[in-house]
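Letters A, B, ... mirror the listed sequences (proteins, then strands); counts begin at 1.
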Amino acid sequence: MLGEGIVRGLAETARNFLGSFVSKERLTTVQFPEERLPQAEAARDFPFLVYDGEDWQAGMRCVACQICEKECPPKCIFIEKSKDKKPDALGRAQFYPARFDIDVSVCMSCQICVEVCPFEAIKMDTAFELSTDDRFGGLLWDRQKLALSDAHYHAIHPTDAAHTDELLAAEKAKAEARTKAAVAKASPAPMPQPPAPAAANEP
Amino acid sequence: MTETIDQIFVILKHWLVGHVPTAVEPIVSELLSVVPIILLFPLLFALITVMERKGLGRIQNRYGPNRVGPCGILQPIADGIKTLTKENIVPHSADKVVHLLAPLLLVMATFLGYAVLPVGRNMVAANMDAGVLFFFAVGSMTELSVFMAGWSSRNKYSLLGAMRAIAQMISYEVPLILSSVTVIMAAGTLSTVSIVEQQSGYTGIFPHWFVFTPWGFAGFVLFMIAATAESNRSPFDLPEGESELIAGYYTEYSGFKFALFFLAEYLGMMSISGMAITLFLGGWAAPLSFLTWIPSYLWFFGKLFFFIAGFIWIRGTLPRLRMDQLMNFAWKFMLPMALINLVTAGVWRFMPTGILRWLVCSAMVVAPYVLLGRGFMLGKRLEKRTYRFAD
Amino acid sequence: MTLPFTIIAALTIAGAVAAMSLRNLVHCVLALTLAFAGLAGMYLLLGAQFVGFAQILVYIGAIAILTVFAILLTRGTEPDAFLDLPSAWVSNSVIVAAVFGVLVWAVHSSPLSRRTLPPPPQITVRQIGFALMDRFVLPLEVIGLLLTAALIGAVILAMHEKQAAK
Amino acid sequence: MSSMTETTSAANDERSRKLTAGISEGQLLEVSMGPHHPSTHGVFRMDVVLDGERVVKLKPVVGYLHRNHEKIGENNSYLASMPYTDRLDYLCSLTNNWAYALAVETLAGIDVPERAQYLRVITAELTRLQNHSSVIGFLVQDMGASGTPLMYAFREREKILDLFESLTGSRMMCNYMRFGGCRIDLPAGWLDRAKKVVAGFPQFLDEYENLLGTNEILMARTQGIGALSRELAINAGVTGPLLRASGVNYDIRKVDKYGIYDRFDFKVPLGDNGDVYDRYMIRILEMRESIKILDQAMCDIPPGPIMDPKAKIRGFRPKAGEAYGRIEAPKGELGFYLISDGSGNPYRYRVRPPSFVNLTVLEDMCIGNYIADTIAILGSIDIVLGEVDR
């Protein structure tokens with residue numbers, strides 16, 4: 001019968017029309033500025049540098065090993081190693097990045113830098129409202145703008161942060177065990193700091 | 001008391017005309033019946049645009065405009081200001097005069113159609129003896145303005161769109177007029193006011209509307225399908241088929257002229273629904289006998305509201321027909337059905353009242369529908385297919 | 001010579017003159033439509049509603065579109081070489097003026113034009129219907145036949161053309 | 001017509017010459033649709049020659065979205081190319097990742113633990129669901145249903161994209177798979193949410209078939225339009241739903257049995273006439289089959305490692321050689337051909353995109369139809385310009 005399919009289609013839209021007043025399923029719009037969808041925990045937007053403690057320069061975990069700079073596919077990270085050293089979380093003197101820029105307009109938030117970083121120094125932020133009026137300066141974030149506290153990291157990625165802390169604690173324990181063993185083995189003469197594998201202790 | 005409320009506008013008009021010097025009286029009384037139409041229907045147009053966008057939104061599980069004013073009511077004002085302030089670009093190679101004239105002629109032709117629509121008990125702008133003929137005569141002027149719009153923009157797409165629009169309008173005007181001829185034949189008059197009068201009686205609580213007769217219902221369905229095509233609405237919105245021709249004949253229009261085309265489209269939609277209400281749904285008559293205390297004009301605009309909701313509903317559901325299918329449908333399905341409907345109305349007129357008359361007429365309407373429908377479908381082997389599955 | 005009559009008459013004449021003198025063919029057709037509208041106005045002035053609306057429906061609604069289609073499909077709309085006035089335009093216009101003068105004189109002097117015509121009878125559409133059906137039924141049927149023949153002829157021509165193209 | 005010199009195949013030449021036999025040069029209307037056309041699915045241009053409404057000659061023009069993907073692949077390490085594969089067919093990034101990972105794994109001989117195989121099947125089938133639902137939404141939108149079917153399709157697609165976001169961190173650019181497994185394990189509660197979404201999908205499909213399945217206008221617009229014969233489909237190397245709609249039983253999940261697809265029982269729907277309606281229905285039936293696979297995969301996914309411990313992320317240097325890994329992407333056979341010379345970068349990095357190959361038969365299907373049909377036919381092929389232009 002001509003028109004039968006059309007009538008069934010009309011019934012379908014009518015059900016959706018009436019349903020939209022009744023069930024949430026039929027009205028899926030989220031009024032963005034007022035209502036916000038909860039962000040998925042694993043969401044990633046642009047990287048940030050983690051630092052322990054209050055002072056972002058002293059507590060910064062990054063040791064400017066430039067692995068992320070090499071591995072980054074669109075090559076948007078630029079690091080300048082510092083001349084002097086500063087003690088890191090485990091008390092060993094490590095380099096720190098005198099300059100650490102990420103060109104956010106080039107970065108495609110693929111989080112490969114997070115994956116390859118051996119020092120858990122760079123993580124992915126979830127802030128997405130980042131519009132600036134300055135196309136070049138505003139999007140070239142320098143070291144200070146990138147540095148965010150470990151507490152912020154715990155706030156946005158709780159399970160991930162907990163897992164990272166376990167890794168760091170394990171490494172710290174291993175480092176201490178090795179130094180205690182080294183001290184016990186090498187008689188009383190104080191040994192210079194053994195070049196323990198890079199580790200950052202937990203604040 | 002209900003009588004005065006019902007006639008409130010008529011009394012108001014006579015009171016006003018009474019205060020005017022007699023020399024100018026005819027002019028003023030004409031003005032008083034024309035000015036409300038010029039004011040009211042563009043206001044309804046504004047309301048309908050927001051109603052359409054919200055209705056489509058609700059069909060598509062979203063809100064529709066709700067930011068401008070409380071739940072989007074002020075959206076048409078925002079659109080109006082936007083179109084007024086938009087720059088009015090006229091393409092260099094366009095034919096300036098005809099380019100400007102097209103929307104004006106289109107809006108004028110659609111406004112003229114309202115003269116004969118009885119909006120309420122003795123509330124009609126011009127009670128003409130040949131009202132329906134006037135309505136269709138003025139309706140056929142829109143094709144000329146569509147051609148002027150398409151041709152004067154000197155743009156390949158708009159010319160294609162204009163040609164399609166004219167071909168569609170002409171081929172759907174025939175079933176439109178034929179399906180209204182059945183009502184004219186049954187009512188025996190061309191005047192819209194007396195057509196409404198013929199439908200105003202009640203048996204028991206049911207009204208004598210023409211739509212409750214077999215030929216009336218078939219005529220109503222045919223009339224509405226042809227009306228949708230005539231006003232370029234959803235399944236027949238080929239002239240401005242976005243996916244192929246950018247925007248059909250009003251591609252090269254911007255600013256207020258573009259808004260005029262929209263005004264004309266919605267006015268056309270309302271006036272053709274008004275005519276359908278007058279011919280088939282008893283104009284301003286109340287649907288049930290005990291409801292006659294409600295003023296007559298409220299019934300007319302209530303029914304108009306349902307027609308508009310129907311147009312929006314169809315627009316939200318049906319995909320678009322292709323040009324040749326559109327033509328085949330008009331000439332091979334609508335026209336024969338309209339002619340058969342004419343014969344059914346004749347048979348209805350001369351058979352004695354009773355159940356036999358109902359059966360014969362219903363058969364005369366349903367049988368060709370099924371046969372033509374199957375022929376139409378089989379002609380193209382359209383059927384729901386079953387699919388085989390490999391291992 | 002009431003005001004509406006003069007307006008409509010001026011409109012019609014302007015439309016007719018423009019239809020003949022404009023360069024672009026499509027403009028000529030639009031001016032012609034203006035003339036048709038003027039004619040319809042005349043009928044309405046005389047109170048012949050049915051003929052007035054029929055004029056609008058048939059002429060403006062259909063024939064104007066038909067001529068426009070014909071122009072578009074055949075020759076396109078570029079204004080071709082404009083026929084300038086024939087060389088002997090002086091003598092032509094003199095003769096035309098003379099003929100016009102004779103006509104005007106004849107119309108004025110004939111007794112018919114001085115006799116005041118009775119006001120036109122108010123005919124309803126129903127009476128027109130009856131008249132068509134009993135006194136003029138033969139011409140109605142003959143015209144119907146003629147139109148059907150024309151329709152079928154057009155269809156055959158189109159079909160013939162399609163055969164040739166395929 | 002100088003601009004129409006070269007054509008895709010002699011057959012088309014012959015057919016268009018026959019169509020324009022009786023018509024003079026001036027009558028034909030040359031229209032170029034795109035790249036800025038509202039319905040060509042991205043930056044894709046079609047130079048169409050029309051005789052009135054009928055298409056006489058159609059020349060697709062691509063290349064507007066060329067981003068030099070393969071040359072960049074040669075200068076990047078193997079891992080660095082993985083996020084770029086998300087941008088190939090930007091609607092289904094997970095199947096792109098899987099195809100690339102599969103190619104590298106065959107090249108370097110890495111095997112993938114059980115749980116990672118299951119994760120790959122689940123994410124790939126979810127990608128197929130959301131791709132097919134948005135494709136039928138676009139197809140009907142091109143035919144004018146003013147957005148309603150598209151909105152219903154996108155309502156379902158959003159649910160699946162939310163699942164991807166909570167698993168991989170991004171809705172469309174997932175960058176989830178690594179050589180030898182996956183990057184992250186399922187977060188808590190992800191599996192139940194996924195089960196709920198998949199359980200709600202058949203109801204959406206019934207709703208869709210109610211809305212348009214037997215709609216006379218849709219049937220009139222799609223049945224018998226743009227029919228692709230079996231022989232032409234096989235000769236032109238067409239793959240995916242387009243091929244199966246023409247009746248050829250070729251689904252790489254059944255042919256290669258890659259990953260662990262041999263453990264799941266699912267059927268492959270086949271069409272008879274290969275027209276736009278068949279492709280539309282085949283995609284709906286394929287979605288129902290994907291739901292079956294997902295149900296089976298999600299209920300018996302084993303615990304265990306998700307990454308082969310042996311596989312290194314950085315400094316990954318596969319031995320010299322070449323490999324071609326291919327999977328059944330939602331659009332057809334997506335293959336990656338790699339030649340390694342032992343260094344950290346691939347010597348040659350080639351992508352075999354299904355959309356580009358399926359596009360070659362566009363002119364054969366469109367000649368003789370109306371201009372409104374070319375839009376429907378293009379929509380039924382389901383092309384994504386990121387994949388066509390690379």
Side-chain angles (χ1 to χ4, degrees), chain B residues 26-27 93 95-99 101-102 105 108-109 112-113 115-116 126-152 154 159-160 162-163 165-167 169-171 173-174 176-177 181 184-185 187-191 194 331 335, chain C residues 2-4 18 22-34 36-37 39-41 43-44 47-73 76-79 121-130 133 151 155 158 162:
Chain B
I27 303 284
S93 64
D95 184 319
K96 305 285 183 293
V97 172
V98 178
H99 188 80
L101 222 56
L105 184 67
M108 186 199 75
L112 278 176
V116 286
N127 182 1
M128 288 184 205
D129 183 22
V132 177
L133 181 62
F134 170 78
F135 182 83
F136 289 122
V138 158
S140 73
M141 271 162 61
T142 48
E143 284 133 26
L144 192 67
S145 48
V146 162
F147 166 75
M148 279 159 64
W151 176 77
S152 68
R154 291 281 201 294
L159 193 61
L160 260 175
M163 288 304 158
I166 294 166
M169 281 169 151
I170 288 180
S171 54
E173 203 166 337
V174 177
L176 188 77
I177 294 179
V181 158
I184 294 162
M185 195 170 71
T189 159
L190 267 170
S191 139
S194 51
W331 295 103
L335 191 56
Chain C
T2 61
L3 181 65
L22 285 180
R23 296 175 58 85
N24 188 327
L25 265 181
V26 176
H27 289 176
C28 298
V29 172
L30 298 182
L32 188 65
T33 327
L34 194 63
F36 289 155
L39 216 57
Y43 290 137
L44 292 177
Q49 273 186 2
F50 187 77
V51 180
F53 298 148
Q55 161 88 356
I56 295 179
L57 183 65
V58 170
Y59 277 88
I60 299 177
I63 290 188
I65 294 280
L66 220 60
T67 32
V68 157
F69 265 45
I71 291 173
L72 278 185
L73 293 181
T77 59
E78 301 78 21
Q122 284 303 338
I123 307 168
T124 68
V125 179
R126 177 181 287 274
Q127 286 158 324
I128 295 174
F130 284 138
M133 274 303 137
L151 202 62
V155 166
K162 212 187 295 173

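- Residues C:Ile56 and B:Val138 come closest through the heavy atom pair CG2-N, 4.5 Å.
- Shortest non-hydrogen contact noted between C:Gly61 and B:Ser140 is CA-OG, 3.3 Å.
- Proximity of B:Leu190 to C:Phe53: side-chain heavy atoms (C-beta onward) are nowhere separated by under 4.5 Å.
- Under the rule for a side chain to side chain donor-acceptor pair (under 3.5 Å), the partners of B:Thr189 that lie at least two apart in sequence or sit in another chain are B:Ser194.
- Of the atoms belonging to B:Phe147, it is side-chain heavy atoms, and not backbone ones, that fall under 4.5 Å from chain C.
- In this structure, B:Glu173 and C:Leu57 have side chains that are in contact, with non-hydrogen atoms separated by less than 4.5 Å.
- Looking only at side-chain heavy atoms (C-beta outward), C:Val68 and B:Trp151 stay at 4.5 Å or farther from each other.
- In terms of non-hydrogen atom pairs under 4.5 Å with chain C, the most contact-rich of B:Thr142, B:Asp129, B:Leu133 is B:Asp129.
- Between the CD1 atom of B:Ile170 and the CZ atom of C:Phe69 there is a distance of 5.5 Å, given to the nearest 0.5 Å.
- Every residue two or more places apart in sequence or in another chain was checked for a ring-ring contact (aromatic ring centres under 6.0 Å, His included) with C:His27, and none qualifies.
- Of the inter-residue distances, the one linking B:Met148 atom CE with C:Thr33 atom OG1 reads 8.5 Å to the nearest 0.5 angstrom.
- Atom OH of C:Tyr59 sits in a sparse spot, with 12 or fewer heavy atoms from other residues, nucleotides or ligands closer than 6.0 Å.
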